[in-house]
Amino acid sequence: MSDGVMSVGEGTRIFPDVEACIDCGGCVVACKRTWDVPRDEQRISISTMLEGQEGADGMNAASGRALEAGENPGETAIPMQCYHCSDAPCVSVCPTDSLIKTDGDFVDVRDDLCIGCQYCLSACPFGAPQFPEEDEGAAKLFGTGGTMDKCTMCEERQDVGKGPACAEECATDAILVGSPGEIADEMEKRDSGVFFNETAMNVIFGENAGEFA
């Protein structure tokens, strides 16, 4: 396993170290190849914030630390995917219980129950839910978004002791996988700051958000 994958299976979480991300797109390619995701669809993407901006003095490679200090972080690349949140708002708003938290703490989609209402897309702060069929077929006939698709955190790979493909193939170990405590310890060891605000951290990690204080 890669250095960014510290443990797998039940209770593991996935989280980006934005200070390590170099926007190479390797995670996107790994996901597409592993799960045969079509070219025009994606379960993980790299979002660029403050493109072209310089960070505060001495902070260009320390986006998280810059934010914690109230400084401009400058251009920052963020791997965005489903973080399988502890307090997942997508699960809370789903009217058909298509979205569920499993015993292993993954957020799963039950395709047969999804009606394409897109409430989950409105609720998710990270843009994880995707609706690849929203402009074709049933979407045209019934005005729905089709069946929702998103990152599965490679649950099937974890079941056999492998890390998520995106994390395993990240050249800079910018995608961290493990328990909340393991991820927090690794971030501290790297002296990497957290890019998300307190509200987002509480959504992602729930009662374990304090591990990152």
Side-chain angles (χ1 to χ4, degrees), residues 1-23 27 43-50 53 55-56 58-92 101-107 123-129 150-155 158 163-164 166-168 170-213:
M1 292 193 291
S2 78
D3 289 342
V5 180
M6 293 154 284
S7 62
V8 296
E10 184 176 344
T12 56
R13 312 306 302 281
I14 193 162
F15 192 70
D17 175 3
V18 300
E19 295 178 9
C21 181
I22 58 173
D23 194 13
C27 55
R43 293 178 173 179
I44 181 171
S45 62
I46 308 295
S47 293
T48 302
M49 310 291 289
L50 305 175
Q53 292 191 25
M59 293 289 188
N60 273 334
S63 303
R65 293 298 179 202
L67 285 179
E68 290 173 358
E71 300 283 356
N72 183 351
E75 182 171 311
T76 304
I78 310 170
M80 296 289 279
Q81 63 200 99
C82 178
Y83 298 126
H84 297 264
C85 301
S86 284
D87 296 324
C90 60
V91 173
S92 300
K101 286 281 286 185
T102 70
D103 291 341
D105 279 339
F106 299 101
V107 176
C124 177
F126 312 109
K150 69 171 186 66
C151 158
T152 65
M153 207 167 129
C154 292
E155 185 176 357
Q158 293 198 51
C166 60
E168 290 284 12
C170 178
T172 59
D173 293 319
I175 299 175
L176 303 177
V177 177
S179 70
E182 288 172 328
I183 294 172
D185 287 347
E186 180 65 17
M187 296 279 283
E188 184 176 2
K189 184 171 73 174
R190 298 180 182 191
D191 195 29
S192 293
V194 172
F195 195 78
F196 297 123
N197 64 23
E198 182 178 352
T199 299
M201 292 298 285
N202 285 333
V203 168
I204 297 170
F205 289 105
E207 63 184 16
N208 292 311
E211 298 268 7
F212 295 83

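Sequence positions, counted from 1, serve as the residue numbers for this chain.
- More than 12 heavy atoms of other residues, nucleotides or ligands lie within 6.0 Å of CG in Asn197, so this atom counts as buried by the packing criterion.
- Applying the ring pair (Phe, Tyr, Trp, His ring centres under 6.0 Å) test to residues at least two apart or on different chains, the pairs with a partner in residues 172-202 are Phe15-Phe196, Tyr83-Phe196, Phe126-Phe196.
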Between Met201 and Glu211, is the side chain to side chain contact (heavy atoms under 4.5 Å, CB included) condition met? List the steps.
CA-CA 10 Å; Met201 292 298 285; Glu211 298 268 7; over 6 Å; no

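- Looking only at side-chain heavy atoms (C-beta outward), Cys27 and Ile175 come within less than 4.5 Å of each other.
- When side chains are defined from C-beta on, Pro73 does not count as touching Met59, because their heavy atoms never get closer than 4.5 Å.
- Evaluation of the side chain to side chain contact (heavy atoms under 4.5 Å, CB included) rule for Thr172 yields Ala20, Ile22, Cys170, Ala174 as partners, not counting sequence neighbours.
- Ile14 places a side-chain heavy atom less than 4.5 Å from the side chain of Cys166.
- Side chain of Glu168 to main chain of Gly163: a donor-acceptor pair is present (N/O by atom type, distance under 3.5 Å, no hydrogens or angles).
- Every residue meeting the side chain to side chain contact (heavy atoms under 4.5 Å, CB included) condition with Glu75, not counting sequence neighbours, appears here in chain and number order: Thr48, Glu51.
- Remark: side-chain polar atoms of Glu19 are paired, donor with acceptor, to backbone N or O of Gly193 under 3.5 angstrom.
- Of all heavy-atom pairs between Cys82 and Lys150, the closest is SG-NZ, 3.4 Å.
- Val18 places none of its side-chain heavy atoms less than 4.5 Å from the side chain of Met49.
- Under the 4.5 Å side-chain criterion, counting only non-hydrogen atoms from C-beta, Cys85 is in contact with Val203.
- Crowding of Glu68 atom CD: a count of heavy atoms from other residues, nucleotides or ligands under 6.0 Å exceeding 12.
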Would you list the atom pairs, donor with acceptor, under 3.5 Å between side chains in residues 182-192 and any protein atom, with sequence neighbours excluded?
unit_1 : atom_1 : unit_2 : atom_2 : d
Glu182 : OE1    : Ser7   : OG     : 2.6
Glu182 : OE1    : Ser179 : N      : 2.9
Glu182 : OE1    : Ser179 : OG     : 3.4
Glu186 : OE1    : Lys189 : NZ     : 3.2
Glu186 : OE2    : Arg190 : NE     : 2.8
Glu186 : OE2    : Arg190 : NH2    : 3.4
Arg190 : NH1    : Asp17  : OD2    : 2.9
Arg190 : NH1    : Asp173 : O      : 2.8
Arg190 : NH2    : Asp173 : O      : 3.0
Asp191 : OD1    : Arg65  : NE     : 3.3
Asp191 : OD1    : Arg65  : NH2    : 3.1
Ser192 : OG     : Asp17  : OD1    : 3.1
Ser192 : OG     : Asp17  : OD2    : 3.1

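- Legend: residues meeting side-chain hydrogen bond (donor to acceptor under 3.5 Å, both in side chains) with Thr152, ordered by chain and number and at least two apart, are absent.
- Applying the side chain to side chain contact (heavy atoms under 4.5 Å, CB included) criterion to Asp105, with sequence neighbours excluded, gives Lys101.
- Residues Ser86 and Arg13 have side chains in contact (heavy-atom distance under 4.5 Å, counting atoms from C-beta outward).
- A donor-acceptor pair under 3.5 Å is absent between the side-chain atoms of Glu10 and the main chain of Gly104, judged by distance alone.
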